[in-house]
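Below: one structure, written as structure tokens.
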Amino acid sequence: MPGAFDPELTIPEHIAVIMDGNGRWAKSRGKARNEGHREGAKSVEAILEACGDIGVKYLTLYAFSSENWKRPRSEVDGLMGLLTHFLKAKTSSLIQNNIRLRVIGAIEMLPESSRKQLQKTIDATAANDGLTLYVALSYGSREEIVRAARTLMDKSARGEMNSGELTVENFGQFLYTADCPDPDLLIRTSGEFRISNFLLWQISYSEIYITDVYWPDFRRPHLEEAIGDYQRRHRRYGGL
Ligand code: IPE
Ligand code: IPE
Ligand code: MG
């Protein structure tokens, strides 16, 4: 089948996903939005397992944006509770599957119970060297870039660095993603053609794949389809 996933072809080292469509998935079934988020957590599990099997090294999941704080309190609370519950329930399987958890975003904004559980799971999985899972929480790319600029201005004011030392190559060291290569493949579910303040700097040359499938329906076959599509692209980086 043309475009089918081929384990012999290049596997993207880093996949980033805008997990969108939980609300529409729920609405189409006459369910509450938070039920869509709960079902979406099952997709997270399935995609984690598939990425491990396929040999993806980094997976970044956009779970909660800096703008998502604008949602009704009941939905925000539901999402934070789901996060805490998910991490608590899944830490042992993350360890078993050699997955290392990391987090990017304004974590100080999260409720204390979520922060505590996050730290526990991060610590418990720190020595794992299989798949690295980055979860973007209270994440906004513009905030991330401004935060980096502030750090640089402070460094400059202290005489630790001058403007001439800043380059395209070292600027990334001041972002949340300092230890992570740029995404090779960016997937957005549920058919929106926008980036929604996600990894603006890091996706400069990522291949973009958009599917109409809602996140709670997105499982291994859909991931393989996205990777299959990626495997047939020709990345030119401005060259020939
Ligand atoms: C994505 O699904 C999950 C989060 C943004 C937290 P949405 O909740 O945005 O679902 P839609 O876009 O309303 O369908
Ligand atoms: C992006 O989805 C954020 C996450 C998936 C966490 P949104 O649903 O918040 O994005 P918009 O509002 O459609 O741009
Ligand atoms: Mg949405």
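Predicted, not measured: the structure shown is a model, and the values here were computed from it. For the numbers below, each heavy atom of this structure counts, side chains included, while hydrogens, waters and symmetry mates do not. Order of listing sets the numbers, starting from 1, for every ligand and every atom in it.
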Indicate whether the side chain of [X] and that of [Y] have a donor and an acceptor atom separated by less than 3.5 Å.
{"X": "Arg100", "Y": "Thr132", "value": "yes"}
{"X": "Ser196", "Y": "Arg188", "value": "yes"}
{"X": "Ser92", "Y": "Gln96", "value": "no"}

**Message:** Once salt bridge (charged side-chain N to carboxylate O under 4.0 Å, His left out) is applied, what residue pairs with a partner in residues 205-221 remain, sequence neighbours excluded?
**Reply:** Arg29-Asp217, Glu39-Arg219, Asp53-Arg220, Glu207-Arg233, Glu207-Arg235, Arg220-Glu224
For ligand 2, which of its N or O atoms have a protein N or O partner closer than 3.5 Å, and how long is each gap?
{"from": "ligand 2", "atom 1": "8 (O)", "to": "Asp20", "atom 2": "OD1", "distance (Å)": "3.2"}
{"from": "ligand 2", "atom 1": "8 (O)", "to": "Arg71", "atom 2": "NH2", "distance (Å)": "3.3"}
{"from": "ligand 2", "atom 1": "9 (O)", "to": "Asn68", "atom 2": "ND2", "distance (Å)": "2.9"}
{"from": "ligand 2", "atom 1": "9 (O)", "to": "Arg71", "atom 2": "NH2", "distance (Å)": "3.4"}
{"from": "ligand 2", "atom 1": "10 (O)", "to": "Arg188", "atom 2": "NH2", "distance (Å)": "3.4"}
{"from": "ligand 2", "atom 1": "10 (O)", "to": "Ser196", "atom 2": "OG", "distance (Å)": "3.4"}
{"from": "ligand 2", "atom 1": "13 (O)", "to": "Arg188", "atom 2": "NH2", "distance (Å)": "3.4"}
{"from": "ligand 2", "atom 1": "13 (O)", "to": "Arg194", "atom 2": "NE", "distance (Å)": "3.3"}
{"from": "ligand 2", "atom 1": "13 (O)", "to": "Arg194", "atom 2": "NH2", "distance (Å)": "2.8"}
{"from": "ligand 2", "atom 1": "14 (O)", "to": "Arg194", "atom 2": "NE", "distance (Å)": "2.9"}
{"from": "ligand 2", "atom 1": "14 (O)", "to": "Ser196", "atom 2": "OG", "distance (Å)": "2.6"}

**Message:** Yes or no: does Lys27 have any heavy atom under 4.0 Å from an atom of ligand 1?
**Reply:** no
**Which N, O or S atom of Asp20 lies nearest to the Mg ion (ligand 3), by name** = OD1
**Asked** Mind checking whether the Mg ion (ligand 3) has an N, O or S of Glu192 under 2.8 Å?
**Response** no
**Request:** List in chain and number order the residues that pass salt bridge (Lys or Arg N to Asp or Glu O under 4.0 Å) with Lys57, two or more places apart in sequence or in another chain; answer none if no residue qualifies.
**Result:** none
**Request:** State which residues pass salt bridge (Lys or Arg N to Asp or Glu O under 4.0 Å) with Arg71; sequence neighbours excluded, sorted by chain then number.
**Result:** Glu75
**Item:** Ion pair Glu143/Arg147, N-O distance below 4.0 Å
**Value:** no
**Message:** Show me which atoms of ligand 1 lie under 4.0 Å from any heavy atom of His37.
**Reply:** 3 (C), 8 (O)
**Request:** Check the angle between the aromatic planes of His14 and Tyr58 and answer parallel, tilted or perpendicular using the 30° and 60° thresholds.
**Result:** tilted
